2 protein chains.
Amino acid sequence: MTARTAREAPEPRTARAARTDRTAGTDRTAPAAPAARSRGGKAPTLEEVAAHAGVGRGTVSRVINGSPRVSAPTRAAVEAAIAELGYVPNRAARALAANRADAIALVVPEPEARFFAEPYFSDIVSGVGEALAETGMQLLLTFAGGARERRRLAQYLAAHRVDGVLLVSVRADDPLPDLLAGTGIPTVISGRRSAAEPLPSVDSDNAGGARTAVAHLLSRGRRTIATITGRLEVYGASCRLDGYRRALAEAGHAPDESLIAVADFTEEGGRRAMRELLARRPALDAVFAASDVMAAGARQTLRAAGRRIPDDVALIGFDDSAIARHMDPPLTSVRQPIEEMGRAMARLVLSEAGPTPPGKPEPGAGPQQLVLPTELVVRGSS
Amino acid sequence: MTARTAREAPEPRTARAARTDRTAGTDRTAPAAPAARSRGGKAPTLEEVAAHAGVGRGTVSRVINGSPRVSAPTRAAVEAAIAELGYVPNRAARALAANRADAIALVVPEPEARFFAEPYFSDIVSGVGEALAETGMQLLLTFAGGARERRRLAQYLAAHRVDGVLLVSVRADDPLPDLLAGTGIPTVISGRRSAAEPLPSVDSDNAGGARTAVAHLLSRGRRTIATITGRLEVYGASCRLDGYRRALAEAGHAPDESLIAVADFTEEGGRRAMRELLARRPALDAVFAASDVMAAGARQTLRAAGRRIPDDVALIGFDDSAIARHMDPPLTSVRQPIEEMGRAMARLVLSEAGPTPPGKPEPGAGPQQLVLPTELVVRGSS
DNA sequence: ATCACACATGGGAGCGCTCCCACCGTACCC
DNA sequence: GGGTACGGTGGGAGCGCTCCCATGTGTGAT
């Protein structure tokens, strides 16, 4: 708005004044600066800070960037000047000069994707945001479109717009990860696409969570435990199935494929799978669903079939979403530390993009793979 | 597997070095540039495009920015060069030179805030993202911290880091909006803070939604309709209460304060309010809750009290969240067009930040206030 | 006292872009 | 014929910062 035409007469001391009393900005047109800022609408520049502190540009830059090569008194003087002028570095200039962006992109799949649903999204974002906030990095949200868009996206991301990329809920056949890897941008993926995920990744212990859930069912005396799994091409889904199998095997149960039904992570899928299961094994007394949504579907079918939960059939879900908490009866579910995964992803990508400080050569032991523990939240359904 | 282990020796200056020549892409794991790009790892610059097309820098810039002052053949030549080189403008440089950011910030309150819960967050983000994608603007996610942080935040946002700010779920006493308004950054708020919201805003028709819900209850033959409202300092909550009152008044019911209970938008609050209501008016036959979460709480209390839903008491919520869909029975709820609100917000800031061609057209009719219609989604609970 | 070698510091040279002004033609006017 | 207008174009001058080299100014060793 008010153009940059304004002739500014650097008026440094306004600082304190503005802060303490300036609120009187009755003149609606006049942007009462939130912090002291020499009038003229323009934010102070590094050069102005330097002049104000009586030092050179380079010194101010050093102070801002935390270089140790500045004497204590000088640093103090510069910091005072910065505070007084309410100086805030111009990101664009910094990015241009330093050839970095101070920003991390979180690429989210299209809205229809399962990921976008609760609770995943907000928690991941929350975790990522938290970790990033500590470092002054910015969080860019980017939406991956179709195949063509993805190519363009990789290109854009590569064009020095971000220092790192966070990928979530990526399907195994998505070209984006490889496109990105090709550009050399540090990339971290949440949810491995396979056991041999080539990208640094953060995942939750799907197998362990499933195993714990089933073990819990067994400890409650359940004998015929079925499972509703997601499409097995989804690595996480197959891990959950593995966990289910392992728990049963550990308890001495013989493998029984008739207790396994594959669905697609939707409620309708859950209903259908439950019907199948009931038809095949009418005597089942417990069901472990690989997601809360599928559990919700299963619950409906069970009800319709006259089975009481948990009296006749115990039910456990996965995700510990709001649905689980509000279901009737409340659903026992495997909680994934989503927010923590977000934090971990952010930290991982930061370390990749980071200075690679001397002495932290990271033994070339392949990509970093983090697997975070899950937790069984026991509620009324089991 | 050890794909990215290519981390070179800790060599501080690598950055600069790499840009000029190095990283010849010949080593590492086949970079396979997404698009043709002059080798050397460096992204082509505008200058290179100009040379390639045999024109001047200015002309290329004009083409990129869609200036009409370029002849057709020249434009074609430039576009060909751009495509051939796989040129992508450097955002930082552009931002620096043009003094704009090409980015909009979405400021979200802290995670504990109600807002962060489903379904608000993802839908808003989705809508905003969609609208922004069309314009090539970036979406920055920022987290508002405590009071002090907010001051800092306003400062940062003002320091030319974004062209506009989107505020969501702002409490009436939050200083951030005013801080921002003071800096002159285009700001749009979702959910007016009062009837006289000074900021451009996008809101849903809370009163209308509530009125429709209650009218629906009346049409179903309910006579004693109670309501559980949120804290009335929250403008939206008081609007919903107004809608409730209006519907009743329109049906000729006399105002009855004993049918109104105030809660705090939490499940526990809903339970407590329902208990109150039941104690005061045991004969009530319907409840309109100002949020699904409170409705969930109310439902529990009703159940515990032996009331059947909807046979004895009809229940309606607000938000149409996943909770509503999965409740038992499924909850009738007032849907807000959240995603559309996100889109509207984005478009609004864009128009504020936008060209603002010569002078300041904008018929100075006060801040833009958009109120989007709500919709009653009828389910089993009513 | 001299030399060497740290440090601390100042400031030039860009980073890649937009802005804007000068300049070129060509079409049109008197 | 010589203006007068332009639409089209090239390129200088920065935008505010980081880098890095050159230049002081202390200290210790000789």
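Just so you know, these numbers come straight off a predicted model, no measurement behind them. Values below: every heavy atom of this structure, side chains too, minus hydrogens, waters and symmetry copies. All chains are named by letter (A, B, ...) in the order of the sequence lines, taking the proteins before the strands, and each is independently numbered beginning at 1.
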If only atom types and distance count, is the side chain of A:Arg62 paired as donor or acceptor with the main-chain N or O of A:Pro68 below 3.5 Å?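 Side chain of A:Arg62 to backbone of A:Pro68: no pair is present.
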
Do the side chain of A:Asn90 and the main chain of A:Ala92 share a donor and acceptor less than 3.5 angstrom apart?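 Answer holds: yes.
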
Quick check on [N]: is either OP1 or OP2 less than 4.0 Å from any side-chain nitrogen or oxygen of [X]?
X: A:Thr59; N: C:dG10; answer: yes
X: B:Asn65; N: C:dT18; answer: yes
X: B:Thr74; N: D:dT9; answer: yes
X: A:Ser71; N: C:dT9; answer: yes

May I have the distance from [X] (atom [atom1]) to [N] (atom [atom2]), rounded to whole angstrom?
X: A:Ile64; N: D:dC17; atom1: CD1; atom2: P; result: 7 Å
X: B:Leu46; N: D:dC15; atom1: CG; atom2: P; result: 19 Å
X: A:Arg94; N: C:dG16; atom1: CZ; atom2: P; result: 18 Å
X: A:Arg69; N: C:dT9; atom1: CZ; atom2: P; result: 11 Å
X: A:Ile82; N: D:dC17; atom1: CD1; atom2: C1'; result: 13 Å
X: A:Asn90; N: D:dG14; atom1: CG; atom2: C1'; result: 14 Å
X: B:Arg62; N: C:dC19; atom1: CZ; atom2: C1'; result: 10 Å
X: B:Asp102; N: C:dC17; atom1: CG; atom2: C1'; result: 12 Å

For A:Leu132 and A:Leu350, what are the C-alpha separation, side-chain angles and deciding distance, and is it a side-chain contact (heavy atoms from CB on, under 4.5 Å)? CA-CA 9 Å; A:Leu132 251 34; A:Leu350 250 27; 4.0 Å; yes

Test B:Leu166 against B:Val168 for side-chain contact (heavy atoms from CB on, under 4.5 Å), laying out the working first. CA-CA 7 Å; B:Leu166 263 24; B:Val168 284; 5.7 Å; no

Starting from the 5' end of DNA chain D, give me the residue, A:Ala93 or B:Gly56, whose nearest nucleotide shows up first.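 Taking each residue's closest nucleotide, the earlier one in sequence belongs to B:Gly56.
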
Between the base of [N] and the side chain of [X], is one N or O donor paired with an acceptor at under 3.5 angstrom?
X: B:Arg75; N: D:dG8; value: no
X: A:Arg91; N: D:dG16; value: no
X: A:Arg57; N: D:dT18; value: yes

Starting the side chain at C-beta, find the nucleotide from D:dT18, D:dT9, C:dT9 nearest to B:Val70.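 Output: D:dT9.
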
I want to verify a distance call: between D:dT18, C:dC15, C:dT18, whose nearest atom is closest to the B:Ala97 side chain?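 The nucleotide sitting nearest to the side chain is C:dT18.
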
Using every non-hydrogen atom in the two residues, find where A:Leu179 and A:Arg151 come nearest and quote the distance to one decimal.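 It is CD2-CA, 3.9 Å.
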
